[in-house]
Each structure stands twice: as structure tokens, then as C-alpha cells.
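From a predicted model like this one, the values you see are computed outputs, not experimental measurements. Throughout, protein chains are lettered first and strands after them, A, B, ... in sequence-line order, and every chain is numbered starting at 1. Values reported hereafter were calculated over all heavy atoms of this structure, with side chains retained and with hydrogens, waters and symmetry mates removed.
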There are 2 protein chains.
Amino acid sequence: MKKARSGASARRQIAGTTPAAKVPTAAAGKVAANSRASRGAGRRETILAAALDEFSARGFEATRLDDVARRAGVAKGTIYLYFRDKETLFQELVRAMLTPVIGGIEAMGESDLPVNLLAERIVDLFVREIYETRRQDVIRLMISEGRRFPKLAEFYYREVLSRAVDAMRALLTRAAARGEVPRALVEFPQLIAAPALVAIVWSGLFERYAPLDVRRMLKAHIDLLFVPGRVA
Amino acid sequence: MKKARSGASARRQIAGTTPAAKVPTAAAGKVAANSRASRGAGRRETILAAALDEFSARGFEATRLDDVARRAGVAKGTIYLYFRDKETLFQELVRAMLTPVIGGIEAMGESDLPVNLLAERIVDLFVREIYETRRQDVIRLMISEGRRFPKLAEFYYREVLSRAVDAMRALLTRAAARGEVPRALVEFPQLIAAPALVAIVWSGLFERYAPLDVRRMLKAHIDLLFVPGRVA
DNA sequence: GATCACTGACTGACTGGTCAGTCATTTATA
DNA sequence: TATAAATGACTGACCAGTCAGTCAGTGATC
């Protein structure tokens, strides 16, 4: 990661530090199809999409911004109109992709369905919204590169993981009170999510040697944990 | 990953492709303390140790061989006397660190102790031999970089993972026959190891924000799976 | 609606630092 | 002394980030 030259950019730092962002939603409104405004609005998303492809194929270091630019159909300089530097681009990508799922996760924590039923909904949410989605790649990137981006790891922990864990814990606490779930799970909600992590890591590394039926594995897992007549 | 120049090295490819290797054992025998032979024998291990430090701190791409050399107290050229290139160095490191644990894992698969007891031994083996060891870093590297080293991923799958999975499955099959374990586990032995993966990933990314008592989590997990009076 | 000055998004050749890999030379041993 | 081992200055590819220049689009004016 080359150190930025001292008198760095910031010549006209447009959007690199915009707080929120959403990548998939494309066209932004009512403006004429090819007007300057509407094209400009799509640029950022186009670049993020290209960055997702390149970063998830090659990892952070090995990704060349020339390639991102080419894939986005844009000159390299344009990237720097929207993102301060490569690192910011990466972080914004993670933010943009993962922020939207937070709500869904927290909503789950408030439901009062019996756990075994709720568990199936959560599995379904994971498979449809993450595992069968580009978000899987983003989480994989997070796992792979997170260590060298403490800021990003903290963001991810604060904005995504800790919320998911808390929601899970709330849900499990209520279920445990009803005797539907052993108390140990309340202390380590990670145990519920562990197979999801396995799914993501496994599919990235070993899918070709030993494919994994993720849905069935997750189903098996909840069947193991939520045995109706078990000793709590 | 700069592409290796075409007429690449291989000038005198000494050890880069030696099949087996063990990194930690230092002094190799009976030779006079500072003889060339004995020093030469240690070089490879010294370099691997330095490489472990650098790779696990920075990842594959960001690691500079100049730093590895400095840390090993060796000139950069020396590295190329023992390893064909950076990639080979990385792969040999993973090989050297993980090959030794295979035996221990397979031995576990043959025991006929009751599962709940055996499970505690396995947890103990994992914590002592991997989690509290530099091997944790190597596995983390494997997870992070494995995708871009299909050869290495295959090696790891073939020589380590598949053996572990098979051993686990054998063990679980017998336990299931005795009714100690639900049959679903036999189909997805990954479910047993999942929390170990969580431990490694979590400690790498979030330890500072939310420390995790890994031993207790793993204990909680086996208590959840191996409830004595459960319905098989 | 035709003309034109103005704007700023976009471009891409360029710079400067970086680093994997090389090899002529030096050093240590047998 | 002969030889293998080790060295580290060097080369060349490489790429993040820069910035002077271009030109499509805009909107004011006649």
C-alpha cells in the first residue's frame, strides 16, 4: 500500500467520504436519460460494482485500479473523483453492501415466534440475502482483508456483527425463558451463526473439491440445536 | 502479485520443492555447532520462521521479501537459494506448519471412547496445538489467501481437511450407531468444527472489540451437541 | 431556435516510489 | 587453493495517484 504522496489529492474531494451509500439502486430519478446529472449519479455505483468484481476476484492488494476503471468503462482518474483512494473505495464498498442487511437482522430479533420456526426464517434470510448474493463475496473480503483494515473491522463489528449478535441474544434469552433453548446458547450466540461462516469459507476454498449443500447443513444444524424435548 | 518474469529463476532450485518439511525444530543433529552444514540446515527454518511473522502480519501480497530477509538475518538472495520464489515460500510455510498435525487428528478418529469424552479431548487438542499456537496464524492465512492459491487450497483440502473430516465422520458413525449422537452429524462433520473456525476468524478480527472465551465456547458447543438423553 | 461563453465531469499520459527476482562479487569452509 | 554459500546492489516491471487538458452539456442572450 504505497504511502500517499504528501501534498495529496483532495483537489476536489467529491463523494469519497459521503456517509451513507447504496450500491445496487441505479437510476436516481426523473432527469433526462443521458443528462449530465443522471449519468453522474450512476458513476459511483458503476465504479463500486466494478470494484466488487475485481476485489473479490483478486483481493485488495492485487487489485489494480486500472482494471477497476476499465471494467467500469471509465478512466482511472474518474475513480479519484468519487473516492479518495484505493482504501476508501474498498471501505465504501463494504459499507454499501452490508449496511442494508442490518435492518433485516434486527427485525428478526424482535419476533416472538417459537425459535425452531424463527430459526428456519433466519436460515432462509441468510441463504437468500447473503449466501446466494454478492454479499457473500463482501463478507469473504471482510474475513480475508479485515485484519489489515482495523477501521473497517471496527465498523463491521459495530454496525453489523454486534447488532446481529445482540438481536440473536435477545431472541435467545426469550426462548430460553420459555425453555425452548439451552441457556448456553444465550452466552454464545456465535454458535448459532458458526455454520454460516463455515458455508462462506468452505465455498470459497473447497467448493470445487467437495461441494457443500449449505441449505441442508444449516437445516441439520438447527435441528440439532432445537430438539423439542431436550433438557434445558 | 507481479507476474514472474518469463525466463524466470530456477537457476538452482534447491529446496523450494522438497516434499516434506518441519519448521519449528531448529538444530538438526550432531554436526559441530557452527559448521557450514549445520548452519545451512538451520537457514531454511530461520527463513520460514521469519516468513511466518511477516506473512501473518501483512498477508501475502503486502509482505516484502526484503523484510523477511532482514528478520531472518540473511540477505535477500539467500532466500532464493532455498525457495524458488515468493509463492513457493508461502506454500512451503503452510505445508511445513500444518503437515505435523495431521497424525494427531487421524489418531483421534480411531479412539473408541464415548463421544462426549472424546470431544473434550479434541477441543483440548485444537486449543493447545492450533489456537494457542502459530498454527492459528497459518490457518488464518490459509483462509485469507487460499482462494488465490488453488494449488495450496487443494493441498490443504487433500492433506489436512479431508482427513480431518473423514476421521470425524468415522468417529461419529460409530457414536451414532451407539446412539450417542444424532445421525445428522454424520453427514455434516463440519458442524462440529464450525465453532473452531469462528474462534480463529473472530480472534483475528474482533478480539480487541469483543474478546471471546474460546475454551468455554467450545465446551458449550459440545455440551449442546452431546446431550446424553436426547432423541437420536 | 440559434449562438456562444462557461462549467466541471471526465480523461489518460505521466511520475515517482516500490519490490520481486538476478547475478557478479565476496566470504567461509573443506 | 578450490568450491560452495552467501551477499546486496541492481534491473525492470508495475501501479497508485496526479493534473493539464478536453469537450459535452447548460443556460443566458438575442
Side-chain angles (χ1 to χ4, degrees), chain A residues 1-16 31-47 50-51 54-55 58-90, chain B residues 1-16 31-44 46-47 50-51 54-55 58-91:
Chain A
M1 196 186 310
K2 240 149 279 185
K3 193 172 295 174
R5 222 117 346 104
S6 47
S9 64
R11 189 165 58 115
R12 209 191 309 158
Q13 166 218 17
I14 293 190
V31 217
N34 240 25
S35 80
R36 206 192 259 191
S38 72
R39 263 183 38 245
R43 278 284 188 272
R44 196 186 143 87
E45 277 65 39
T46 309
I47 293 169
E54 293 292 327
F55 279 135
R58 303 195 205 301
F60 178 79
E61 299 273 357
T63 289
R64 284 163 302 194
L65 290 197
D66 284 295
D67 290 346
V68 174
R70 183 160 348 116
R71 186 182 286 267
V74 137
K76 181 151 68 143
T78 306
I79 295 177
Y80 288 87
L81 297 178
Y82 292 90
F83 304 93
R84 187 166 58 259
D85 53 21
K86 191 182 178 185
E87 205 171 306
T88 305
L89 172 61
F90 182 76
Chain B
M1 193 192 311
K2 241 149 278 187
K3 194 171 293 173
R5 222 98 8 89
S6 47
S9 63
R11 187 166 58 114
R12 203 194 310 159
Q13 167 217 19
I14 292 191
V31 218
N34 242 25
S35 83
R36 201 190 261 192
S38 71
R39 262 181 40 241
R43 278 280 189 279
R44 197 185 142 88
T46 310
I47 294 169
E54 294 292 327
F55 280 135
R58 307 195 202 300
F60 178 80
E61 297 275 356
T63 289
R64 284 162 303 196
L65 289 196
D66 283 297
D67 290 346
V68 174
R70 183 160 348 116
R71 187 183 285 267
V74 138
K76 180 152 66 146
T78 306
I79 294 176
Y80 287 86
L81 297 177
Y82 292 89
F83 303 93
R84 187 167 58 258
D85 54 21
K86 190 182 178 184
E87 204 170 307
T88 305
L89 172 61
F90 182 75
Q91 304 204 5

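- Rounded to whole Å, the distance from OH on B:Tyr80 to P on D:dA9 is 16 Å.
- Scanning atom types as modelled, no donor and acceptor separated by under 3.5 angstrom connect the side chain of B:Lys86 and the base of C:dG21.
- Straight-line distance from the CZ atom of A:Arg58 to the P atom of D:dC14: 13 Å, rounded to whole Å.
- At least one side-chain nitrogen or oxygen of B:Arg43 sits closer than 4.0 Å to the OP1 or OP2 atom of D:dA6.
- The distance from atom NZ of B:Lys76 to atom C1' of D:dA5 is 18 Å, rounded to the nearest whole Å.
- At least one side-chain nitrogen or oxygen of A:Tyr82 sits closer than 4.0 Å to the OP1 or OP2 atom of C:dC10.
- Between A:Glu61 and A:Lys86, the shortest heavy-atom distance links the atoms O-NZ, 3.2 Å.
- Rounded to whole angstrom, the span from the CG atom of B:Leu89 across to the P atom of C:dC19 amounts to 16 Å.
- Residues from residues 64-73 of chain B that place a heavy atom under 4.0 Å from any atom of DNA chain C, listed by number: B:Arg64, B:Leu65.
- With a 4.5 Å cut-off on side-chain heavy atoms, A:Asp67 and A:Arg58 count as touching.
- Classification of the B:Phe60-B:Phe55 ring pair by plane angle, with boundaries at 30° and 60°, yields parallel.
- The side-chain heavy atoms of A:Val68 and A:Ile79, taken from C-beta on, include a pair separated by under 4.5 Å.
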